[in-house]
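What you see below is based on every heavy atom in this structure, not just the backbone, and it leaves out hydrogens, waters and symmetry mates. All of these numbers come straight from a predicted model, not from anything done at the bench.
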Amino acid sequence: MTDLSQPTVDAADLTRALMGPGPARFFLALAGEPGVPSRIVDLVAGHEVTFGRSRGATVSVDHEQVSRMHTRVKRDGDVVTVEDLGSRNGTRVNGVRIAGVTELSPGDELAIGPVTAVLGRSTRLPRGRSVADAEVFEERLGAELDRAVRYHRPVAVAMARIDGGDEMVERVAAAVRRMDVAAEFGGDEIALLLPERGRDDAVRELTRIVADVGAAGGVASFGVAVAPADGTTVDAVISEARAALRGARPGEVMASAPPAADDGVDALVLDPAMKRLYEMLGRIAATPMTVLVYGETGVGKELVAETVHRKSARREHPLIKLNCASLPENLLESELFGHERGAFTGAERRKVGFFEAASGGTLFLDEIGEMPTALQAKLLRVLERKVVTRVGGTAEIPVDVRVIAATNRDLESEVREGRFREDLFFRIAGFTVVVPPLRDRPSEIVPLAERFAARFAKELGRPVPVLADDARAALASHDWPGNVRELKNAIDRALVLATGGVITAIDLPEKVVDARRRVAGGGAVASASASAPSVRDQLADVERAAIVAALDACGGNQTHAAKQLGLSRRALIYKMERHGLKAMPASAAAPRGGGGTLGGSGGSGGSGGTEKL
């Protein structure tokens, strides 16, 4: 019987030990036969750890496959070696029997009879902040959603309301697994990403966390959504989790119900050209032909693809999306067609490509003009023969996929320049549609802004704000080079900064307001415009002074100051940055002089999150 019954170290204890201050630490993580507790053995510089049946061994292993003195592991500085001591059955490192002294690297696995020992190393750095930001969260969620669709593995997303201050937020972040992600996400929201968690598992885990927070004097409420059942895009899954959170009472975990198969976000169509476009999309959807969508970045090409898919007979099957400009050629080929195990370095298992994952449904290839020429030929073959061959494989796999491609390039010019294959161009351009830029659809700018404001306010659980006249004028005057995506980000940001349920021009990015100033030039209009900045500066000074006073009264605590001002902590941080207070002591924050520019130094930033258009 293996004797590993000395005091054990569980995962939490080991994590705390590894994250403490101090020099580098080497250790062996030991595991024995089923039912025998594991343990951690430290490797001290200048000392050795022995394995054997003898009770004089550091690790006594009473088993017939183990010799009296079987193996010696020694550390000399940062060098760790292992030596077999003439044992009958030998010592194996990563499955290979060793002879003589062998140097080990962190992660190497030793086999000594029935005992497995893995060499670990920790630099023992202090643990950093455990709560990530929204950008990190969205990037990781995007990758997990890709795996969820391709391998049919669930991933849960939870949006949380946590009362009790930053201490309770950190408590929640510390309660989840190392593979999970906790992030600040819009206002005072906290988001959790829980890979490999189905709906029931996620609810059980979050219920445990709610109880833990409650025992510490706080209150946590969660809304849960699970992909791919509740959605396959970042925005869709987060929106479902937020909707569930709105229905949760304090201290409760509420899971969303899977949406109906036809559930989707309809485009707002008011401009005559857009009405004609969407009428045509309805007719195109009924055919099996490929579609090529032209339009500037952020104009709504992805929404066109979603519309065609939802109106087609393929609506019950997946809509898979891939940006061809986001990956190098070798990885893009693997993403599209999949690969076999061992096809290249790092291909540890078979991977299903996007064509196979979308079988029966629709594959949206964004930025197809960026696709390398060599890969264009392979794509053409798939479109013509309707079969794929995985990288490193020989078998042809039938696929039934409708392809919708999009680009902001002039592909006909690219064909003439030899950068895009003519035969592929004709193959994907079965139907060609052009989405006009937002500046050519002025009747849709303010209605779109109102829709985005209502949607974001609903997600944050706030009343729907009103757009003031000056905000409407500024929005209508801007030329929106980033199109609908830029407008969405501007409104999301403005909603965070707005107070009193009204979005004014001062809440919009500076470049949007500057466009209004340029339009208001000459004559009486110019005179009125010239007086407006001084009024805005006076209001900004009052706001700045109120923030400074609240921070002074709360000893610099942003959470308490935000509550005193009736703001979310995130809104307070935005306003502090806008007034130059981010790194300034409260005592040094005096009101500005007149004549400053609108909004301060932080006015041009955008809010977190990206509209999938």
Side-chain angles (χ1 to χ4, degrees), residues 131-132 134 137-138 140-164 168-169 171-216 218-265 316 318-319 455-462 608-609 612:
V131 182
F137 183 90
E138 287 189 338
R140 173 71 184 279
L141 175 56
E144 293 295 341
L145 289 175
D146 176 38
R147 282 189 280 271
V149 170
R150 182 170 299 155
Y151 301 116
H152 306 287
R153 296 175 179 172
V155 54
V157 171
M159 304 303 291
R161 288 193 305 265
I162 301 175
D163 296 329
M168 293 303 158
V169 173
R171 190 177 188 91
V172 170
V176 297
R177 303 166 300 174
R178 292 181 64 84
M179 67 187 293
D180 300 332
V181 178
E184 291 184 347
F185 201 92
D188 287 332
E189 286 183 309
I190 299 298
L192 296 181
L193 174 60
L194 310 171
E196 309 288 341
R197 294 282 198 197
R199 203 177 306 272
D200 293 341
D201 288 342
V203 170
R204 279 194 295 268
E205 177 67 12
L206 295 172
T207 301
R208 180 187 65 80
I209 293 176
V210 165
D212 181 62
V213 171
V219 178
S221 309
F222 292 97
V224 186
V226 177
D230 295 334
T232 56
T233 66
V234 171
D235 286 346
V237 178
I238 290 175
S239 294
E240 288 295 326
R242 279 182 172 144
L245 177 60
R246 289 194 296 271
R249 296 188 298 270
E252 183 181 37
V253 178
M254 178 68 70
S256 66
D262 196 29
D263 199 12
V265 179
E316 303 294 335
L319 168 62
R455 184 190 304 174
F456 195 43
K458 184 179 179 182
E459 291 173 353
L460 296 179
R462 299 182 185 178
K612 298 295 182 182

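Inter-residue side-chain proximity for Glu196 and Met179 is flagged as met; some heavy-atom pair is nearer than 4.5 Å. Annotation: side chain of Leu141 is in contact with side chain of Ile238 (closest heavy-atom distance under 4.5 Å). At a threshold of 4.5 Å between non-hydrogen side-chain atoms, the residues Pro195 and Arg140 count as touching.
Between Val219 and Val213, the shortest heavy-atom distance links the atoms N-CG1, 3.7 Å. Residues Ala241 and Met159 come closest through the heavy atom pair CB-CG, 3.5 Å. Minimum heavy-atom separation, Met168 to Gly218: CE-N, 3.8 Å. Of all the heavy atoms in Ala175 and Glu205, the pair that sits closest is O-OE2, 3.9 Å. The minimum heavy-atom distance between Leu245 and Ser221, with the atom names listed, is CD1-O, 3.6 Å. Of all heavy-atom pairs between Leu145 and Val237, the closest is CD2-CG2, 4.0 Å.
Rounded to the nearest 0.5 angstrom, Leu193 CG and Glu138 CD are separated by 11.5 Å. Here CZ of Arg197 is found 13.0 Å from CD of Glu144. Values are rounded to the nearest 0.5 Å. Atoms CZ and CD, on Arg161 and Glu252 in that order, are 9.5 Å from each other to the nearest 0.5 Å.
Scanning for ring pair (Phe, Tyr, Trp, His ring centres under 6.0 Å) contacts around Phe222 gives an empty result, with sequence neighbours left out. Here Arg246 pairs with nothing under the side chain to side chain donor-acceptor pair (under 3.5 Å) rule; sequence neighbours left out.
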ask   = Run the side chain to side chain contact (heavy atoms under 4.5 Å, CB included) check on Glu184 and Ile190 step by step: do they pass?
value = CA-CA 5 Å; Glu184 291 184 347; Ile190 299 298; 4.0 Å; yes
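Of the residues Leu194, Val157, Leu192, Leu206, the one that meets the side chain to side chain contact (heavy atoms under 4.5 Å, CB included) test with Val224 is Leu206.
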